Amino acid sequence: MTGVARSTTTVELDRGVVEYRFDRRDAATVVVLHGGHMNAGLALGEDVFADAGYSVLVPSRPGYGRTPLSTGHTTAEFADVIPSLCDHLGITRVAAVVGISAGGPTAITTAARHPDLVERLVLQSALTA
């Protein structure tokens, strides 16, 4: 998966438009939140999860790709979009939310605000504030 552009789709949720890529497999889902200058179409740092058999859901954070800033003006606002996206895709539990670089604050906030959805938090070279 690394370094290769992938096709994405968008969905209009109650809180706004979200661009995402969902590579569905038989195992549980991992949500990957990339850092700055990344979007859902760029596969980077997620191959370890795919290789382990996890389904990988990668949304573009607001202002990147085709997710407009209006979908989440704050980290907390976008963290509350993640459960809506999961619900739209029929995902009731997430094995982990992964924050890479600038995706760290959104991952932390998602895990903290939605413990009923997120089982664990993984941070990779992540910002924490």
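Keep in mind it's a predicted model, so treat the numbers as computed, not measured.
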For residues 83-99, which side-chain N or O atoms pair as donor and acceptor with protein atoms under 3.5 Å away, sequence neighbours left out?
residue, atom, partner, partner atom, Å
Arg93, NH1, Pro115, O, 3.1
Arg93, NH1, Asp116, O, 2.7
Arg93, NH1, Leu117, O, 3.4

query = Donor-acceptor pair, Arg21 side chain versus Gly41 backbone, under 3.5 Å?
reply = no
task = Flag yes if more than 12 heavy atoms outside Asp51 fall under 6.0 Å of its CG atom; otherwise flag no.
result = yes
Single-linkage hydrophobic cluster, 4.5 Å side-chain cutoff, Met38 and Tyr20 together = no
inquiry  = Using the rule that Ile, Leu, Val, Met, Phe, Trp and Tyr join whenever any side-chain heavy atoms are under 4.5 Å apart, tell me whether Val118 and Phe78 fall into a single cluster.
reply    = yes
Got a list of side-chain donor-acceptor pairs under 3.5 Å for residues 121-129, not counting sequence neighbours?
none

message = Show the nearest heavy-atom pair for residues Thr109 and Ala76, with the distance to one decimal.
response = CG2-CA, 3.9 Å
task = Not counting sequence neighbours, which residues clear side-chain contact (heavy atoms from CB on, under 4.5 Å) with Ala52? List them please.
result = Tyr54
remark   = Closest non-hydrogen atoms of Gly45 and Phe49, given as atom of the first, atom of the second and distance, are O-CE1, 4.0 Å
message = So which atom in Ala40 and which in Pro59 form the shortest heavy-atom distance, rounded to 0.1 Å?
response = CB-C, 4.2 Å
key: Listed once per pair and sorted, the salt bridge (Lys or Arg N to Asp or Glu O under 4.0 Å) pairs that draw on residues 60-73, sequence neighbours left out   = Glu19-Arg66
task = Hydrophobic side-chain clustering at under 4.5 Å (ILVMFWY, transitive links): who's grouped with Val17? Put none if nobody.
result = none
query = Are Leu57 and Leu13 co-members of a hydrophobic cluster defined by side-chain heavy atoms under 4.5 Å apart?
reply = yes
ask   = Once you round to the nearest 0.5 Å, how far does CD1 of Ile108 lie from OG1 of Thr75?
value = 9.5 Å
ask   = With distance as the sole test, does Thr71 use its side chain to make a donor-acceptor pair with the main-chain N or O of Val18 at under 3.5 Å?
value = no
Please set out all donor-acceptor pairs under 3.5 angstrom arising from side-chain atoms of residues 27-37, sequence neighbours excluded.
residue, atom, partner, partner atom, Å
His34, NE2, Leu42, O, 3.4
His34, NE2, Glu46, OE1, 3.1

task = Consider only side-chain heavy atoms of I, L, V, M, F, W and Y, link residues closer than 4.5 Å, and tell whether Val58 and Val48 are in one cluster.
result = yes
